[in-house]
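Below: the structure, in structure tokens.
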Amino acid sequence: MPELPEVETIVRALAPRLTGQRIAGLRFLARRARRGRVPELRGRQIRAVRRYGKYILIDLDRGMLAVHLGMTGRLLWNGRPGPYTRAVLRLTGQDAVLFDDPRQFGGIRYGFAPPAGLGPDALEISESEFLDRLLGRKGRIKALLLNQRFLRGLGNIYTDESLFRARIHPRAPVGRLSRERARALYRAIRDVLSEAIAAGGSSVSDYITPEGAEGLFQFDHRVYGRAGQPCLACGTPIRRIVVAQRGTYYCPRCQLL
DNA sequence: TGGAATGTTCGGCT
DNA sequence: AAGCCGAACATTCC
């Protein structure tokens with residue numbers, strides 16, 4: 001569910017509330033939610049909350065928590081615990097952050113560095129680095145953009161939206177992209193992600209902000225979830241296919257192979 | 001009822 | 001070796 005814009009929105013909401021606070025306890029209500037060992041955290045101070053790709057990092061005075069929301073995870077500020085509450089981070093005082101996650105694809109781990117092995121952040125990478133990394137890669141462009149070791153932050157929605165804006169077919173072989181197309185893709189990724197953050201993310205099924213608000217970017221989707229509806233650029237019905245084992249939306253006329 | 005859903009990871013194959 | 005595929009994880013909603 002949450003991709004870079006959703007995670008960024010969550011981080012922006014939580015950072016001012018959590019920074020400087022002390023932890024009263026972190027309790028797991030589902031075994032699966034705890035990934036790896038987590039020491040006793042009572043008394044630790046939260047130094048910062050930041051985004052790392054799709055991860056939410058909570059920097060402590062010693063160590064850090066890395067929260068991944070998987071498909072259906074939510075972080076809720078002072079919410080009421082429910083059947084899908086998998087963890088509760090209590091602060092001294094009465095504030096708490098709930099980790100709700102019906103499907104339990106998400107989880108929380110403790111460590112001293114951000115998760116290893118991920119590529120540059122989709123919003124921080126420079127154009128030249130993006131082009132360099134693309135060079136020599138094989139396979140289909142959509143699979144590459146979804147690969148977090150190549151670039152961190154993009155998921156299914158924003159990959160489709162970026163490819164549409166760059167007029168690139170999701171099945172296009174990376175090696176056959178012209179430099180011009182590759183630059184258009186870089187631009188499209190930046191634009192889509194920035195616009196989505198400004199809109200507070202996309203609420204298509206589960207995503208809400210820590211305060212329970214929905215994002216608005218789903219109303220600006222040009223292809224994602226629009227199968228059969230006319231392309232906003234040319235009127236051709238948007239098509240749904242499967243690429244990299246994910247439902248993929250594109251315009252068969254604007255995005256030629 | 002089967003299929004699909006915003007994600008990651010692992011094992012096996014080419 | 002890189003990339004691809006299917007499966008697994010767990011649950012809800014058509």
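Excluded from the calculations below are hydrogen atoms, water molecules and symmetry mates; all remaining heavy atoms, backbone and side chain alike, are included. Proteins get letters first, then strands, A, B, ... in listed order; numbering begins at 1 in each. Everything quoted here is computed from the prediction, not taken from an experiment.
- Residue pairs meeting the side-chain hydrogen bond (donor to acceptor under 3.5 Å, both in side chains) criterion with at least one member in residues 142-158 of chain A, sequence neighbours excluded, are A:E6-A:Y158, A:K142-A:N156, A:K142-A:D160, A:K142-A:T248, A:Y158-A:S202.
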Show which side-chain atoms of residues 249-257 of chain A pair as donor or acceptor with protein atoms under 3.5 Å away, not counting sequence neighbours.
unit_1: A:Q255; atom_1: OE1; unit_2: A:C251; atom_2: N; d: 2.7
unit_1: A:Q255; atom_1: NE2; unit_2: A:L163; atom_2: O; d: 3.4
unit_1: A:Q255; atom_1: NE2; unit_2: A:I168; atom_2: O; d: 2.9

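- Mapping A:H68 and A:R240 onto DNA chain B by nearest heavy atom places A:R240 at the nucleotide closer to the 5' end.
- Partners of A:D61 by side chain to side chain donor-acceptor pair (under 3.5 Å), not counting sequence neighbours: none found.
- For A:R137, there are no salt bridge (Lys or Arg N to Asp or Glu O under 4.0 Å) partners two or more places apart in sequence or in a different chain.
- Contact check, A:K138 against C:dC4: no side-chain N or O comes under 4.0 Å of OP1 or OP2.
- Looking at heavy-atom distances under 4.0 Å, A:G106 makes no contact with the nucleic acid at all.
- Within residues 122-137 of chain A, the residues approached by DNA chain C to less than 4.0 Å at the level of any non-hydrogen atom are A:R137, in residue-number order.
- Nucleic acid contact for A:Y224: sugar-phosphate only, since backbone atoms but no base atoms lie under 4.0 Å from a heavy atom of the residue.
- Consecutive Watson-Crick or G-U pairing (both distances under 3.5 Å) extending over three or more pairs maps onto DNA chain B as B:2-5 with C:11-14, B:7-14 with C:2-9.
- Not counting sequence neighbours, A:F150 has no partner by the ring pair (Phe, Tyr, Trp, His ring centres under 6.0 Å) test.
- Of all the residues in residues 163-171 of chain A, not one reaches under 4.0 Å from DNA chain C with any non-hydrogen atom.
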Worksheet item: When every nucleotide of nucleotides 5-11 of chain C is labelled 5' to 3' by its protein contacts under 4.0 Å (heavy atoms), B for base, S for sugar-phosphate only, - for none, what sequence of letters results?
Response: BB--BBB
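- Nucleotides B:dG3 and C:dA8 are separated by 15 Å at their P atoms, to the nearest Å.
- No donor-acceptor distance shorter than 3.5 angstrom exists from the side chain of A:R187 to the backbone of A:D191, with no hydrogens or angles considered.
- With sequence neighbours excluded, the residues forming a salt bridge (Lys or Arg N to Asp or Glu O under 4.0 Å) with A:R165 are A:E195, listed by chain and number.
- Between A:M71 atom CE and C:dC13 atom P the separation is 15 Å, expressed in whole Å.
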Grab the N/O contacts between the protein and nucleotides 9-14 of chain B below 3.5 Å, and write none if there aren't any.
none

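- Residue pairs meeting the salt bridge (charged side-chain N to carboxylate O under 4.0 Å, His left out) criterion with at least one partner in residues 214-224 of chain A, sequence neighbours excluded, are absent.
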